[in-house]
Amino acid sequence: MVRKRVVLASGGLSVAICRYAPGERHALHTDARSRVSFLLRGSYREEGKPGSIRMGPGHVLLKSRRAKHEDVFGDCGADIAAVEFMRDDPFDAAHTPDLWRQRADAFALRHAMAFLDAAISGNANGVTAASIDLVANSHESSQRDKAPTWLAHLHAELEETPLGSVDVAARAKEAGAHPAHASRLFRRCFASSVTEHAQAHGVRRAMAALAGGATLSDAALAAGFYDQSHMTRVFKRVTGSTPGRHRALLAAC
C-alpha cells in the first residue's frame with residue numbers, strides 16, 4: 001500500500017513523496033492525474049502498451065493520465081517525488097501521442113532537482129516552472145533521428161560505464177564512422193553530446209549510491225568518478241546543485 005506525504009499543494013500542482021512497499025504490484029490502470037516522477041530510492045518497473053520501463057534512482061518519468069500501465073516495485077520498494085498536475089494538464093497542451101517518457105539526461109536531472117528543492121522550500125512557482133519546462137522540453141525533443149545499432153549500443157554502454165573506460169573513437173572506427181561524424185550523429189539521435197550523456201549518467205549513478213546511504217567519497221567511486229571533488233564538479237555542472245545538497249534533500253524526504 002502506497003504511503004503518500006504531500007510536501008506542497010498550491011494552485012494547480014501537488015508535490016508528494018510516495019513510498020511503495022517491496023514487491024508491491026499495481027494491476028493495469030491509469031493515474032487520476034498526469035505527473036512527473038523523480039525516483040529517489042529503490043526501483044520499479046512500468047509495463048504498458050509503449051513497452052517496459054525500468055526505473056532506478058535518478059530516473060525521471062513523465063506520464064500522462066491517459067497512459068495505461070502496470071507497476072511492479074523492486075525488492076527494496078521505492079520512494080518517488082511526484083508532481084501531479086491538478087489542472088491545466090501540460091500533456092493536453094502538447095498535442096502529442098507520447099503518453100510517457102523516461103529521462104535521465106542533464107536537462108531532466110537539473111529540472112527534477114529544481115522541482116524537488118523548490119517543493120521542500122515551499123516555492124510553488126519554482127515547482128511549476130521546472131515541471132512544465134520538463135514536459136515541454138520532452139515533447140520538443142521527441143522527434144530525433146533513429147540511431148544505428150552500434151550507436152545505440154554505445155549510448156547504452158555509457159549509461160553504466162564511465163566515459164574514461166570507453167574508447168568512443170575506437171567504437172566509431174569499428175563501425176566505419178569517423179569519430180567527428182559519430183559525435184555529430186550522437187547529438188542528432190540523442191539530443192546531447194557523448195560527454196553530456198556520460199556525465200549525466202555518472203550523476204545518476206552517484207544519486208543511486210547516495211540513496212543507498214553511501215558517503216560522498218564512496219558514492220564518487222561507485223559512480224566512476226576519479227574522486228569526491230570530481231563528482232562534485234560534474235554533479236553541479238549537470239544539476240546546478242551539489243551531492244551534499246542532494247543528500248540533504250533525500251533526508252528531508
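Hydrogens, waters and symmetry mates play no part in the numbers below; they use all other heavy atoms, side chains included.
Listed here is the closest heavy atom pair of Ala206 and Phe225: CB-CE1, 4.3 Å. Residues Ser131 and Phe85 come closest through the heavy atom pair OG-CE2, 3.8 Å. The two residues Lys4 and Cys18 make their nearest non-hydrogen contact at CG-SG, 4.0 Å. What you find for Gly42 and Pro57 is that their closest heavy atoms are O-CD, 3.2 Å. The heavy-atom pair separating Ala219 from Leu210 by the smallest distance is CB-CD2, 3.8 Å. The minimum heavy-atom distance between Leu109 and Gly58, with the atom names listed, is CD2-O, 3.1 Å.
One distance of note links CG of Leu40 with NE2 of His246; it measures 6.5 Å at 0.5 Å rounding. Between the CG atom in Asp31 and the CH2 atom in Trp100 there is a gap of 10.5 Å [rounded to 0.5 Å]. Atom CG of residue Leu249 and atom CD1 of residue Ile17 lie 9.5 Å apart, to the nearest 0.5 angstrom. Atom-to-atom distance recorded for Asp71:CG and Glu47:CD is 9.5 Å, nearest 0.5 angstrom. Note: Arg103 CZ to His111 NE2 = 9.0 Å, rounded to the nearest 0.5 Å. Between Gln199 atom CD and Arg233 atom CZ the span is 10.5 Å, to the nearest 0.5 Å.
Hydrophobic clustering keeps Leu216 apart from Leu221 (ILVMFWY residues linked when any side-chain heavy atoms are closer than 4.5 Å, directly or through intermediates). No continuous path of hydrophobic side-chain contacts links Phe107 to Leu158 [ILVMFWY only; heavy atoms under 4.5 Å]. Residues Val238 and Leu163 are members of separate hydrophobic clusters, defined by side-chain heavy-atom contacts under 4.5 angstrom among Ile, Leu, Val, Met, Phe, Trp and Tyr. The cluster map of Ile, Leu, Val, Met, Phe, Trp and Tyr, joined by side-chain heavy atoms under 4.5 Å apart, puts Val234 and Val166 in different clusters. Criterion: ILVMFWY side-chain heavy atoms under 4.5 Å apart, direct or through other members. Under it, Met113 and Ile132 are part of a common hydrophobic cluster.
Using a 4.5 Å cut-off on side-chain heavy atoms (C-beta onward), Phe190 and Asp105 make no contact. Contact of the Arg188 side chain with the Leu185 side chain is registered, since non-hydrogen atoms from C-beta on lie closer than 4.5 Å. In this structure the side chain of Arg171 never reaches within 4.5 angstrom of the side chain of His153, judged on heavy atoms. A heavy-atom distance below 4.5 Å is not found between the side chains of Val83 and Phe38. A heavy-atom distance below 4.5 Å is found between the side chains of Ile120 and Leu116. In this structure, Arg41 and Cys76 have side chains that are not in contact, with every pair of non-hydrogen atoms separated by 4.5 Å or more. The shortest distance between side-chain heavy atoms of Val72 and Tyr44 does not fall below 4.5 Å. When side chains are defined from C-beta on, Gln102 counts as touching Leu61, because their heavy atoms get closer than 4.5 Å.
Asp89 and Ser34 share a donor-acceptor pair across their side chains, judged by distance under 3.5 Å alone. No donor-acceptor contact under 3.5 angstrom links the side chains of Ser241 and Thr239, judged on distance only.
Ring orientation note: the planes of His26 and His29 are nearly perpendicular, at an angle over 60° on the 30°/60° scale.
Residue Asp227 qualifies as enclosed at atom CG: its count of foreign heavy atoms under 6.0 Å is above 12. The 12-atom threshold is exceeded at CZ of Arg5, counting heavy atoms of other residues, nucleotides or ligands nearer than 6.0 Å.
Salt bridge status for Arg66 with Asp92: present, with a side-chain N to carboxylate O gap under 4.0 Å. A salt bridge links Asp79 with Arg19: the closest approach of a Lys/Arg side-chain nitrogen to an acidic carboxylate oxygen falls below 4.0 angstrom. Salt bridge annotation for Arg204-Glu159: absent, with no cationic side-chain nitrogen under 4.0 angstrom from a carboxylate oxygen.
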Begin from the C-alpha positions of Arg33 and Met86 and carry the test side-chain contact (heavy atoms from CB on, under 4.5 Å) through to its verdict.
-> CA-CA 7 Å; Arg33 300 178 181 86; Met86 313 299 286; 3.3 Å; yes
Run the side-chain contact (heavy atoms from CB on, under 4.5 Å) check on Arg65 and Thr30 step by step: do they pass?
-> CA-CA 6 Å; Arg65 69 184 188 281; Thr30 57; 5.9 Å; no
Is there a side-chain contact (heavy atoms from CB on, under 4.5 Å) between Ser52 and Arg45 once you walk through the steps?
-> CA-CA 7 Å; Ser52 177; Arg45 187 175 76 250; 3.5 Å; yes
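Between the side chain of Thr128 and the backbone N or O of Ala124, at least one donor-acceptor pair lies under 3.5 Å.
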